[in-house]
Each structure stands twice: as structure tokens, then as C-alpha cells.
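A short write-up of the structure that comes next.
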Amino acid sequence: MNSIIKIGMISFAHMHAFSYATNLKQISGVEIVGIWDADANRGQTQARHFDTHYFDTIDALLGQGLDAVVICSENANHRQHVEAAAGKVKAILCEKPISTNVADALAMIDRCQATNTRLQIAFPVRFSAPVQDLKRRIERGDLGRVFSVKCTNHGRNPGGWFVDPTLSGGGAVLDHTVHVIDLLRWFWGTEVSEVFAEIGRNSFSNVSPIDDAGLLSFKLANGVYGTLDTSWSRPSSYPTWGDVKIEVLGEKGLVCVDAFAQKLSVSSNQKGNTQWVGWGSDIDYGLVNDFVDMVRSGREPSITGMDGLRAMEVALAAYQAEKQGEPVKLGA
Amino acid sequence: MKKVGILGTGSIANVHLDGWKMLPVEIAAHYDIRPEAAQRAASLYGGVACTDLEDFYQRVDLVDICTPAAVHKDNVLTTAAAGKSMVCEKPLARHLADAQAIVDAVEANGVRLFVAQVVRFFPQFARTKQVIDGGSIGKPGVIRTIRAGSFPRMGGTFTSNFYADFNKSGGVILDVGIHDIDFQRWCCGEVERVFARGLTFAGLNECDHALITLKFASGTIGHVECSWAHPPRNWRTRIEIAGDGGLIEWDAFEDMPLLALMNTNDEIGFSRTTGSPTAAQDNPYYLELKHFLECVEEDKPFLVTPQDGLMAVKISLAAIESLRTGKPVELHSFKG
């Protein structure tokens with residue numbers, strides 16, 4: 001007998017919340033019981049859109065007998081919201097990056113462990129079908145000895161709280177290091193052992209003195225070296241928001257993935273531009289479907305708080321490396 | 001009509017000679033330490049195969065140095081002493097001190113030297129620079145290039161003696177990466193810091209690869225991938241420059257003005273080839289020699305100066321050093 005999984009949404013500060021909620025509604029047996037948001041106007045608007053209740057306080061939402069919550073507040077607020085929800089729900093899906101600093105991440109992981117709350121971090125690119133194809137080829141040994149992994153996760157400056165370091169914890173480097181580093185850790189079950197970075201501030205926009213260009217050069221514990229471009233470098237005139245691309249070079253050949261290559265090119269006189277409209281399988285659906293399955297089945301999360309911490313650590317190490325002009329070693 | 005002499009009649013010399021053939025010059029003389037190579041060039045392109053350097057210099061007005069990097073310094077110093085202006089192939093030298101000696105010698109002897117950094121004359125690269133200079137994309141923030149292929153196997157014994165010998169060739173960074181290092185410097189200005197990871201010291205046979213990060217004085221960040229480790233027959237070059245006002249992208253893998261899909265009688269059943277033809281007057285090797293000739297005749301500055309050649313060598317050697325030590329290299333204090 002399948003009971004209804006009751007989910008609460010905590011904050012729509014991160015734009016991904018909209019997609020997560022939209023996809024949750026596609027899954028049968030899932031009910032979005034309600035929304036709380038520190039921005040009450042935003043929360044109420046979303047509650048109307050998703051045909052659900054708005055709660056005036058986070059405790060009121062958490063008192064609804066929920067199975068799980070989805071937390072998409074500003075990065076610096078993840079900790080307080082996870083700590084509020086831990087023990088009151090069975091499971092939490094928390095947007096990336098897990099937090100803005102190591103102490104917060106450890107506190108979040110510890111609190112969830114102590115209250116038997118399963119914590120999953122939102123890394124939707126794990127659910128990209130082309131990315132999963134690359135992972136299978138790597139696991140199959142198609143490439144033989146892997147030499148290098150050259151990566152980009154380009155984007156656009158999101159503005160708003162993203163460029164307020166007290167809320168975001170950092171700019172493009174923090175925002176876009178974590179997705180790809182999580183994928184590389186997942187592909188090989190390895191860790192980043194060392195990272196160096198060149199970072200640009202105000203390279204693409206004068207909105208705020210935050211890092212908007214980042215180029216990491218790293219080594220993995222398994223011997224593979226690589227680079228990762230995290231820059232918010234797609235101009236507003238570009239046909240899409242950004243990309244996730246990984247090129248894996250090995251002794252037996254080269255495998256390249258472009259996670260968002262499945263697109264139409266749409267030229268519109270009405271809009272006065274050409275846009276790339278994606279038709280690939282929805283990675284946010286993959287993520288929330290996996291999360292709901294985790295809640296329902298009682299199993300452990302596929303992406304843990306520790307996964308979130310390890311990815312974020314690399315971003316923090318990149319900032320430190322650039323500051324000191326020397327590579328930073330990670331791990332034991 | 002000016003008389004041109006070729007110093008070092010190997011494989012790149014043939015490419016140059018095809019260009020000289022189209023220009024209003026007399027191909028007058030050839031010299032190579034392998035006399036049969038000079039004779040072959042003379043029989044194909046005209047001119048005299050010289051066995052004596054003094055004889056060679058007497059027969060020519062301009063010299064085109066097409067020898068390997070390690071002997072460029074000797075060739076340039078001799079040519080400068082003979083009072084001849086010259087083209088010199090890239091890399092300008094194998095060692096930074098040699099590059100400096102070259103710069104000093106041409107200055108001291110009052111002769112002109114053009115460094116054949118041909119990528120600046122490739123149409124996609126030249127047009128990219130034009131678009132940047134026109135202001136369409138604003139100030140560059142991040143520049144990325146790829147120059148990737150398999151280990152060079154043309155040329156038989158020369159190849160196995162030269163490219164595979166790091167002491168002679170400098171590996172993939174000095175032989176291949178230098179093209180894009182020069183191009184990125186042309187677009188974005190002076191480099192402050194270099195960091196590189198790669199396979200040059202991994203002890204692999206006929207396999208080399210590097211990922212280089214560049215920090216420019218302007219704040220721009222550069223990424224150079226150069227490779228002799230990619231699968232064969234799929235040579236790839238790519239340009240991406242993101243600025244604060246826009247973005248330029250070009251990828252040879254997506255460049256398909258000509259596509260040929262042919263039935264074959266083997267198991268696979270088809271072959272697929274692509275081409276990107278351009279007209280003879282746009283051949284970059286022809287264009288760079290035409291540029292050299294015009295600038296010599298009209299006393300105009302070269303697009304690629306001896307200092308440009310030296311800086312490309314310096315940044316490349318700094319990348320090799322970074323790869324070797326695992327540490328970033330600050331260019332201002334790098335002595336080679």
C-alpha cells in the first residue's frame with residue numbers, strides 16, 4: 001500500500017525550487033503540503049501557483065506531519081533551515097552548495113545523523129542521461145588509463161543574493177565548482193587531492209565585486225589531472241544560460257559529454273533573438289524522483305551530506321589557492 | 001626581385017616554398033646539413049642547392065629559416081652576421097637564453113626578423129582578433145583554445161628523433177601549445193603567471209598532453225589545451241573568448257562546409273571525411289610570407305616581432321617548468 005508522501009518546500013530563494021516543485025507534482029503519490037519562505041510575498045505567490053498552502057512560520061510548516069522537506073534558501077541559510085527541519089521530517093533535500101563553510105556543513109550532517117534524518121544534497125546533473133552514459137563507459141574501462149578530465153560548467157551571473165557574499169558565500173567558483181567535482185568523485189569513487197585556481201572578479205559584470213570567472217586546475221587521488229571552468233561567462237545575448245561539458249582523455253581514446261547539447265535552435269522575431277531550447281530528459285525530475293524513492297523505500301540517500309561537503313571543500317580550497325598563489329592539498 | 005634562400009629544407013620548408021612560389025621573389029638557394037635534402041628542394045622549386053654556407057648567403061637577399069628549434073640561434077646569428085633579413089620558424093628557440101641572443105643579434109646587426117607564428121594568419125584566428133579589436137565582445141574575461149591531435153608520425157626518422165626527444169622539441173607545449181600561447185597573448189596582452197599539468201614527464205612513449213592556465217596582467221584568464229595524445233585523424237582546434245560584452249566561439253569539429261559520406265566495401269560500410277577549403281590567396285603560410293615580404297620592402301613593422309617570438313617561448317618554457325614542479329610560475333622572475 002502506497003501512502004502519500006507529504007513534502008514541504010522551504011524557501012524559493014534559489015530558482016531551482018520552482019523546477020523541483022513542478023517535478024514533484026508530476027510524481028503520483030506525492031503531495032506538496034505547503035510552503036514557507038522568509039520572503040512572504042514570494043512564498044505566497046508560489047503557493048498560489050502550485051495550488052498549496054503558505055505557512056507564516058517555518059515551525060508551522062514543519063508541524064504538518066511532513067515526510068520530507070526541500071530546502072532552497074540562500075546558501076548561508078541552509079544550516080539554520082536543515083537544523084530546524086532535522087528530527088521533524090524523515091528526509092531533507094538541500095540545494096547545493098551544502099553550505100558556505102565547513103563548520104556549517106559538519107553541523108548539518110551531525111544534526112541529521114543525531115536525529116535519524118536522511119540528508120540528500122541536490123546535484124541534479126548526476127541524473128543527466130548523457131552523463132550517466134559517460135559514467136558507464138568509464139566504469140566499463142573503455143578509456144584504459146585515464147590521463148585527464150577537462151571540464152566546463154559555464155553560466156550567467158544570477159544576480160540577487162548570489163552576488164552578496166554574506167548570503168552566497170562566494171560567486172562563480174562556489175556556485176559552479178560543486179556540480180562537476182561531485183560528478184568526478186561519483187565517476188571514480190575518488191577525491192580531489194590538490195587544487196590551484198585563477199579567479200577573476202568583475203570579469204563579466206560590474207554588479208558586485210564578486211568572483212565571476214574561475215579556472216580550477218586539479219589532481220584527483222586516482223592520478224587523473226584536470227581543469228574546470230566555473231565562469232559566469234555566458235553573455236545575456238548568448239542563446240543559452242550555460243553548459244556542463246566533460247572531456248575524458250585516456251590511453252584508449254577520448255569521450256566527451258555535453259550534458260545540455262540536446263536542444264532546438266529557436267529563432268524568434270517576436271523575441272528578436274535565437275535561443276537554444278532544451279529537449280533532453282529533465283534532470284530535476286530525475287533528482288526529485290530519486291529523492292521521493294529514497295523517502296518511500298527507507299534506503300539511504302544516493303547523494304549524501306558528505307558528498308555535499310567534499311564538493312564544497314574543493315571550491316573553498318580553490319579560493320585559498322588563488323589567494324596564496326600556490327596549489328592547496330586536500331584530504332589526509 | 002628579391003632572392004630568397006631556404007635554410008633547412010625539411011617538411012615545413014616545402015610548405016613555405018609553396019608560398020614563396022606564389023610571391024614575386026626568386027627562389028635562389030637551398031642549404032641543409034643533409035645535402036640530398038637541399039638537392040631535392042632545388043629540383044622541385046628551382047634555385048641552387050648549396051653545400052657551403054658562405055656561398056648560400058652570397059646568393060640571397062632574404063633567408064627563411066626552417067630548421068628545428070635547437071639550431072635556430074646558430075642559424076639566426078650567422079644570418080644576422082651576413083646582414084640578411086629573415087623569417088624564422090617557431091618556436092623562436094629551444095631555450096630562453098637562445099631566444100634573447102636572437103633578439104640581441106638582430107638588433108645589433110640591424111637586420112629584420114619575422115617569427116613565423118602562422119596561427120595569427122589562419123582565417124578563423126585573424127578574424128577573431130578583428131572581432132575583439134572591433135569591441136563586439138567587450139573586454140575578454142576568459143579565453144580558451146584547443147590544439148589537439150595524435151603524435152606526429154610524418155617524416156620517418158626525423159620524427160622519432162625529434163618530436164619524441166624532449167630535449168630537442170620541448171614536447172607538446174613548446175611545439176604545439178606555443179601557437180595558442182602566442183595567439184592568446186596577441187589577444188589579451190602580457191601574461192603574469194602560468195600553471196600547467198600534463199604528461200610531458202610521465203615517461204610515456206610518443207604521447208604528450210598539457211592543460212595550461214594563464215593569468216594575464218589585464219585580469220583575463222586563459223586556458224590552453226595542447227595534445228599529442230588524442231586519437232589520430234581527428235585534428236581539432238577550437239577558440240572560445242568570453243568578454244564582458246559578448247562571446248566568440250569556433251570549433252573545427254563543428255566546421256563542416258564540406259562533408260563526404262562514401263560507401264565502402266569493407267565491414268564498416270562507409271567512410272566520413274570533412275573539409276574546410278579556402279582559396280589559395282588565403283593560405284596562411286602564403287599570407288605570412290607575403291606579410292614578411294611587404295613589410296621588408298615597405299619598411300613596416302612585422303605583425304610578429306622578435307620580442308613576440310621570445311615571449312611565446314618564455315611562456316611555453318614557464319608552462320613546462322610549472323608542469324615539472326607542480327607549482328605556478330611567475331613570469332617576471334622566470335629565467336628559463
Side-chain angles (χ1 to χ4, degrees), chain A residues 145 147-152 154 156-157 172 194-206 211-220 223-239 242-243 245 247 249-256 321-322 324-327 329, chain B residues 136-144 146 148 150 191-199 202 204-205 207-216 218-225 227 229-232 234 236 238 240-249 253-254 322-323 325-330:
Chain A
R145 169 185 166 182
F147 299 135
S148 67
V149 58
K150 189 187 72 171
C151 316
T152 67
H154 293 131
R156 269 187 187 133
N157 190 320
E194 188 196 273
V195 66
F196 180 68
E198 295 293 4
I199 296 179
R201 290 158 186 89
N202 294 138
S203 294
F204 301 105
S205 146
N206 277 321
D211 54 293
D212 58 0
L215 187 55
L216 277 61
S217 179
F218 54 84
K219 251 191 334 202
L220 302 178
V224 175
Y225 60 90
T227 56
L228 170 57
D229 188 335
T230 67
S231 307
W232 287 338
S233 52
R234 304 303 90 170
S236 54
S237 50
Y238 197 72
D243 58 51
K245 295 184 184 176
E247 295 188 10
L249 179 68
E251 60 182 349
K252 290 193 190 160
L254 173 77
V255 181
C256 306
E322 193 259 350
Q324 64 190 39
E326 286 274 311
K329 288 201 187 323
Chain B
S136 301
I137 66 160
K139 182 187 170 211
V142 178
I143 179 169
R144 300 176 60 90
I146 300 174
S150 58
V191 171
E192 275 183 354
R193 180 161 71 191
V194 185
F195 184 74
R197 298 194 195 266
L199 297 176
L204 296 174
N205 189 37
C207 177
D208 198 359
H209 174 259
L211 297 175
I212 306 169
T213 65
L214 303 173
K215 181 182 173 188
F216 293 85
S218 60
T220 305
I221 297 169
H223 185 274
V224 174
E225 178 177 27
S227 177
H230 276 59
N234 281 271
R236 184 185 191 186
R238 185 175 188 274
E240 179 186 314
I241 305 175
D244 61 7
L247 188 148
I248 301 170
E249 272 181 308
F253 268 11
E254 288 161 23
S322 172
L323 203 158
T325 62
K327 303 249 177 277
V329 173
E330 300 280 339

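Proteins get letters first, then strands, A, B, ... in listed order; numbering begins at 1 in each. For clarity, every value in this text was computed on a predicted model and none was experimentally measured. Computation of the quantities below employed the complete heavy-atom set of this structure, encompassing side-chain atoms and omitting hydrogens, waters and symmetry-equivalent molecules.
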Looking at A:Gly214, A:Gly250, A:Pro327, which one has more heavy-atom pairs under 4.5 Å with chain B than the rest? A:Pro327
Nearest heavy-atom approach of B:Asp244 to A:Ser203 is CB-O, 3.5 Å
The interface call for B:Ile241 against chain A, heavy-atom contacts under 4.5 Å, is neither
What's the verdict on side chain to side chain contact (heavy atoms under 4.5 Å, CB included) for B:Arg144 and A:Lys150, showing C-alpha distance, side-chain angles and the deciding distance? CA-CA 12 Å; B:Arg144 300 176 60 90; A:Lys150 189 187 72 171; 4.1 Å; yes
Can you tell which part of A:Ser217 gets under 4.5 Å to a heavy atom of chain B, answering side chain, backbone, both or neither? both
With rounding to the nearest 0.5 angstrom, report the CD to NE2 distance, A:Glu247 to B:His230. 6.0 Å
When rounded to the nearest 0.5 Å, the distance separating CG of B:Leu199 from CG of A:Leu249 is 7.5 Å
Determine, step by step, whether B:Val142 and A:Asp229 satisfy the side chain to side chain contact (heavy atoms under 4.5 Å, CB included) criterion, reporting the C-alpha distance in whole Å, the side-chain angles of both residues, the deciding distance to 0.1 Å, and the verdict. CA-CA 9 Å; B:Val142 178; A:Asp229 188 335; 3.5 Å; yes
Check whether A:Leu254 gets within reach of chain B through its side chain, its backbone, both or neither, counting any heavy atom under 4.5 Å. both
If I measure from the heavy atoms of chain A, does B:Glu249 come under 4.5 Å with its side chain, its backbone, both, or neither? side chain
Counting only heavy atoms closer than 4.5 Å, note whether A:Ser236 contacts chain B via side chain, backbone, both or neither. neither
Once rounded to the nearest 0.5 Å, what's the spacing between atom CG of A:Leu215 and atom OG1 of B:Thr213? 5.5 Å
Options B:Ser150, B:Ala148, B:Pro231, ranked by heavy-atom pairs under 4.5 Å with chain A, top entry: B:Pro231
For A:Glu251, is it the side chain, the backbone, both, or neither that has a heavy atom closer than 4.5 Å to a heavy atom of chain B? neither
Please classify the contact between A:Lys252 and chain B as side chain, backbone, both or neither, with a heavy-atom cut-off of under 4.5 Å. neither
Using a strict 4.0 Å threshold on nitrogen-to-oxygen distance, state whether B:Glu240 and A:Arg234 make a salt bridge. yes
A:Phe196 versus chain B, heavy atoms under 4.5 Å apart: side chain, backbone, both or neither? both
Looking only at B:Gly198, B:Ala202, B:Gly326, B:Ala229, most heavy-atom pairs under 4.5 Å shared with chain A are made by B:Gly198
Would you mind checking which part of A:Ser233 comes under 4.5 Å of any heavy atom in chain B, side chain (CB onward), backbone (N, CA, C, O), both or neither? both
Quick one: what part of B:Leu247 sits under 4.5 Å from any heavy atom of chain A, side chain, backbone, both or neither? both
What option among A:Pro235, A:Gly200, A:Gly226, A:Ala197 has the most heavy-atom pairs under 4.5 Å with chain B? A:Pro235
B:Leu204 versus A:Arg145: any side-chain heavy-atom pair under 4.5 Å? yes
With chain A, the option among B:Gly219, B:Gly138, B:Gly246, B:Gly222 that has the most non-hydrogen atom pairs under 4.5 Å is B:Gly246
B:Glu192 side, atom CD; A:Glu198 side, atom CD - distance, nearest 0.5 Å: 9.0 Å
Atom of B:His209, atom of A:Tyr225 and distance for their closest heavy-atom approach: ND1-OH, 2.6 Å
Using every non-hydrogen atom in the two residues, find where A:Phe204 and B:Gly243 come nearest and quote the distance to one decimal. CD2-O, 3.4 Å
